[in-house]
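In what follows, every heavy atom counts, from backbone to side chain, and hydrogens, waters and symmetry copies are set aside. In each ligand, atom 1 is the first atom listed, and ligand 1 is the first ligand listed.
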Amino acid sequence: MQESRQRRPPEPLGGPQRGAVPRAVPLAPPRRGGIRGLPLLAVLGVALLALRLGVRVVTLVKTRGAAVEAANQQQEQQQRLQQSDSRKAQAPSVLSKAQLAQADGSDGRPVYLSILGDVFDVSSKPEFYGKGSGYHHFVGTDGSRAFVTGEFEGPPRAEVLDLSPEDVHGIVGWRDFYFRTYPHKGRAEGLYYTAAGEPTDTLRQVEARAAEGARLKEEKAKEVAKYTSCGMKYTTAEGGKVWCETGMYPRKLFDGMDGGAASFRCVCMNDIGWSDLLQVYPDCDPDSSTCQTAPPLEES
Ligand code: HEM
């Protein structure tokens, strides 16, 4: 105990106790038979006094220790409450369909859109989302599907699970864009979140399909990177042509869907075979190193 007093002396508690603590520190064990030159009773008396002071110091240290512990516990409790308050403050709010529909910019109201159930405030870009502008289709509703189909006519549609994994991944990419670009206002009750703001099974399936789409895209990109690109040229006089070095043959490699249409790229193959994914250019011999892809522009 004495050691602990020396390591960490009790802080002054104020008032009359001030100064009592340091005086009590030397607590030597009494020597049997008294100290030379002093009567035994006096020695015992001093020893007893010192012992009592020691007990008082021990009590003070213990009381102080308990007070510090209680204060720490109170502080921890306070922190936990603050954390849970801030978590509550961060928890996204849930908008009903009606609340979302109202956020269409009319009468000075904000402009919101929902994508996969996440709601964003796009009021800062009336040139895109204002009434009469190109992307007003998305406003006040969840029109997730049109982010890849480009179908801006007809009622907005939120469902996307019947689209390809790559398309669903594309929609998730748009959602990332909105998270990066616009204030997130909460979640929309509906297909993707419950009234309590919990993700629905549909949202879980969408996330899984998007992850599959990401994997497929990565695989395709690796596959495409394996091939050498063809030489390509277009002039009005000669039209378009693609070519490979001698001993290699141009093929149209399907490299995914782009805005609803299949997209291809010209690659050089070192054998004359072909497949649905590696097609021979129309009107070109499979073993030719050069293919015409567009006719010359006729002189008028
Ligand atoms: C599936 C089809 C399409 C969708 C879903 C789509 C969606 C969008 C959206 C939501 C924005 C606003 C982005 C923002 O908030 O900053 C935008 C901007 C824009 N879009 Fe489209 N778009 C599509 C097709 C097209 C096409 C075919 C063109 C061109 C012919 C085009 C040209 C533009 C341009 C120029 C901007 C403005 C970019 C800027 O200034 O930051 N979009 N698009």
Side-chain angles (χ1 to χ4, degrees), residues 92-95 97 99-193 199 202-203 205-218 220-221 224 232 234 240 252-266 293-294:
S93 50
V94 182
L95 285 86
K97 273 201 172 113
Q99 286 170 317
L100 180 60
Q102 277 202 328
D104 66 350
S106 310
D107 306 323
R109 291 195 294 268
V111 183
Y112 288 180
L113 63 75
S114 169
I115 174 164
L116 299 177
D118 276 298
V119 179
F120 298 91
D121 185 343
V122 294
S123 309
S124 60
K125 286 286 166 76
E127 65 272 36
F128 296 151
Y129 302 102
K131 281 210 172 93
S133 54
Y135 302 114
H136 188 69
H137 173 86
F138 294 116
V139 167
T141 186
D142 193 310
S144 297
R145 190 181 185 87
F147 279 100
V148 290
T149 62
E151 291 161 4
F152 300 142
E153 304 298 322
R157 293 174 62 186
E159 64 277 10
V160 302
L161 271 178
D162 58 323
L163 300 173
S164 72
E166 286 99 326
D167 277 350
V168 175
H169 180 251
I171 296 171
V172 165
W174 273 104
R175 183 182 61 184
D176 293 345
F177 162 80
Y178 282 98
F179 267 112
R180 285 196 307 273
T181 317
Y182 295 100
H184 184 236
K185 302 309 287 186
R187 295 168 171 181
E189 176 192 353
L191 189 56
Y192 299 112
Y193 288 101
T202 306
L203 183 57
Q205 287 173 48
V206 164
E207 305 290 3
R209 201 161 174 80
E212 171 68 359
R215 198 186 57 74
L216 290 174
K217 278 182 185 174
E218 204 172 307
K220 219 169 264 178
V224 167
M232 297 176 101
Y234 179 86
K252 274 170 73 170
L253 173 69
F254 173 78
D255 72 353
M257 302 297 286
D258 188 4
S263 95
F264 297 91
R265 137 180 132 86
C266 182
T293 54

Out of F120, Y178, Y182, who gets a non-hydrogen atom closest to atom 10 (C) of ligand 1?
Y178
Ligand-residue contact atoms, ligand 1 with G150, heavy atoms, under 4.0 Å
1 (C), 2 (C)
One finds that the ligand 1 atoms under 4.0 Å from a non-hydrogen atom of W174 are 7 (C), 8 (C), 9 (C), 10 (C)
Per-atom filter on ligand 1: closer than 4.0 angstrom to a heavy atom of Y129 are 10 (C), 12 (C), 13 (C), 14 (C), 15 (O)
May I ask you to list the atoms of ligand 1 that are less than 4.0 angstrom from any heavy atom of A146?
5 (C)
Does anything in residues 164-174 pair up under salt bridge (charged side-chain N to carboxylate O under 4.0 Å, His left out), and if so which pairs, sequence neighbours excluded?
E166-K220
Ring-plane angle category for Y178 and F120, please: parallel below 30°, perpendicular beyond 60°, tilted otherwise.
tilted
State, without any angle test, whether S106 and K131 hold a side-chain donor-acceptor pair at a distance under 3.5 Å.
yes
Run the side chain to side chain contact (heavy atoms under 4.5 Å, CB included) test against Q205 and tell me which residues pass, sequence neighbours left out.
L161, D201
Between E212 and R209, does any side-chain N to carboxylate O distance fall below 4.0 Å?
no
